[in-house]
Amino acid sequence: MPRKRIEVDAAGFHAAMEQQKAKGRAAGKFKMDKALDYSGAANTFVGYEHLDNDSTIVALYAEGTPVQALQAGQTGVVVLDSTPFYAESGGQVGDLGVLTAAAGVFAVDDTQKIKSDVFGHHGVLQSGSLKVGDKVRAQVNAEQRAATVRNHSATHLMHKALREVLGDHVQQKGSLVNAERTRFDFAHNAPVTDAQIREIENRVNAEILANAAAQARVMDIESAQKTGAMMLFGEKYGETVRVLDIGSSRELCGGTHVARTGDIGFFSILAEGGVAAGVRRVEAVTGMNALAYVQNMETTLGGVAGTLRVTTSEVHARVEAMQAQVRDLEKELAAVKGKLASAQGDEMLSQAVDINGVKLLVARLDGADTKTLRETMDKLKDKLKTAVIVLGVVDGDKVQIAAGVTADTTAKVKAGELVNFIAAQVGGKGGGKADMAMAGGTEPAKLPAALASVQAWVAGKL
């Protein structure tokens, strides 16, 4: 399947990044000043085992301020004593879902960490009211979580496959995992080829087909290191860590994952490209999203095949044949344009006027492209011998001007100066050498007057 190639201006990226860092520092100070004031106990995360849980509200916030209650329509943050909601961390987005109390329903649209061990449920109270101390049924959006864990688990398998296919120098530089896709940035100094992408996909899908059980173990950091688990460079780890075994991959990860590799379903890479010097990005999909991607590609390919009146297997050959035909037609068209321009050039010779022994020819050559303009200019200079020539072309709302001066006249008339004199009158500018110069413009209605002014300008120079 065709994939997008993403190339980013590295210099522009770094400039924008510096601006963003400055904004981030300012925003970080604002957040620190306005941080949620929470000094209670840590909450218990039960989301590895459960997607719903009976919990108690221990704190409420409205507009960053602690409150005792929320009313219908208010946005706020809810803190629970225990929660199945995963808070955004390690590239994985926070869970969505609903908190249902006897007196109100709170829709959770994001889960973020207030502290490392305290999760805040962000959202809006859809109905009723909520009070500190209320009992709630916390329910994670199961479909969104399932799609997210498929993508997250596939990211681990992809990371390992990238290292196997591209080399051990591959290191994670960033990631974003949500229900739609996984985005993975890694250190690598060259584009990943189509053949390498296919090999990575093959390896990941082979792990999925093996349907091996995933295993997560919590241990101290020293024991984790002895297991050979992949540790991300620059990442800060606590005294205890979670070692995740999924397929043949072993990494430290606190995220949520599938029970077996087969739960991922299917893996497909959407795009690969550069995002900074020495950093590449891969975007991929899994499960139903991967199926939808493939089906969309099949629909597109089928539509192209229908338009070309060939089978899908014949599309590539047919497109190549059409491209060759287009190239041949372009060559024929260029040849015809050249002949027409040559004929027009011969007709223009009679329009030349003599100014102190120098022939001046000013004319329009509509329909000519840049190549034809240059070729016509050369032929006219050869025939007129001692001359100043100006040719103008109007193409839609654009103007193109060529100025040519024979070698024996450049001491008095410079083509670059002449072409800029004309271009300034038609909303443009240009430049070139003393004997040949080109310019563009955006005001074709002014071209006749601009060409008419050339004779006086040239006479002044001669």
Does the R203 side chain pair with the main chain of L157, one donor and one acceptor, at a distance under 3.5 Å? no
Sorted by chain and residue number, the side chain to side chain donor-acceptor pair (under 3.5 Å) partners of T182 (sequence neighbours excluded) come out as T155
**Q.** Short side-chain to backbone donor-acceptor contact, K173 and G278, under 3.5 Å
**A.** no
Applied to residues 123-151, the salt bridge (charged side-chain N to carboxylate O under 4.0 Å, His left out) test, sequence neighbours excluded, yields D52-R137, D54-R137, D95-R145, K131-D134
For the pair F45 and Y48, name the ring-plane relationship: parallel under 30°, tilted 30 to 60°, perpendicular over 60°.
perpendicular
Would you say the side-chain atoms of N420 pair up with the backbone N or O of G430, donor to acceptor, closer than 3.5 Å? yes
Q) Where the side chain of N141 meets the backbone of D109, is there a donor-acceptor pair that is under 3.5 Å apart? A) no
| message | If you apply the rule side-chain contact (heavy atoms from CB on, under 4.5 Å), what do you find for M230 with Q172, and how did you get there? | response | CA-CA 10 Å; M230 172 73 68; Q172 179 177 334; over 6 Å; no
Residues 62-79 vs side-chain hydrogen bond (donor to acceptor under 3.5 Å, both in side chains), sequence neighbours excluded, gives none
For V98, the side-chain contact (heavy atoms from CB on, under 4.5 Å) test, sequence neighbours excluded, returns T100, V105, Q139
Those residues at least two apart in sequence (or on a different chain) that pass side-chain contact (heavy atoms from CB on, under 4.5 Å) with P84 are V46, N53, A138, V140
Worksheet item: Does atom NZ of K371 have more than 12 heavy-atom neighbours from other groups under 6.0 Å away?
Response: no
Using modelled atom types and a 3.5 Å cut-off, is there a donor and acceptor pairing between side-chain atoms of D220 and backbone atoms of S223? yes
Paired with Q92, the side chain to side chain donor-acceptor pair (under 3.5 Å) test is passed by just one of T256, N178, N151, namely T256
query: Is there a donor-acceptor pair closer than 3.5 Å between any side-chain N or O of S55 and the backbone N or O of S82?
result: yes
Is it true that, when you exclude H169 itself, more than 12 heavy atoms of the residues, nucleotides or ligands shown sit nearer than 6.0 Å to its NE2? yes
Ignoring hydrogens and geometry, is there a side-chain-to-backbone donor-acceptor pair from N296 to A292 under 3.5 Å?
no
Q) Could you walk me through whether F119 and K113 pass the side-chain contact (heavy atoms from CB on, under 4.5 Å) check? A) CA-CA 4 Å; F119 297 178; K113 289 185 177 182; 4.0 Å; yes
For E320, does the CD atom have more than 12 heavy-atom neighbours from other residues, nucleotides or ligands under 6.0 Å away? yes
Are the side chain of R260 and the backbone of N211 linked by a donor-acceptor contact shorter than 3.5 Å? yes
Residues at least two apart in sequence or cross-chain that pass side chain to side chain donor-acceptor pair (under 3.5 Å) with H159, listed by chain then number, are E251
Is the number of heavy atoms from other residues, nucleotides or ligands within 6.0 Å of CD (E49) greater than 12? yes
Any donor-acceptor pair under 3.5 Å from E207 side chain to S248 backbone: yes
Step through the shown structure and confirm whether more than 12 heavy atoms of other residues, nucleotides or ligands are within 6.0 Å of CG on D117.
yes
* Asked: In terms of ring plane angle, is the pair H121 and F85 parallel, tilted or perpendicular, where the classes change at 30° and 60°?
  -> perpendicular
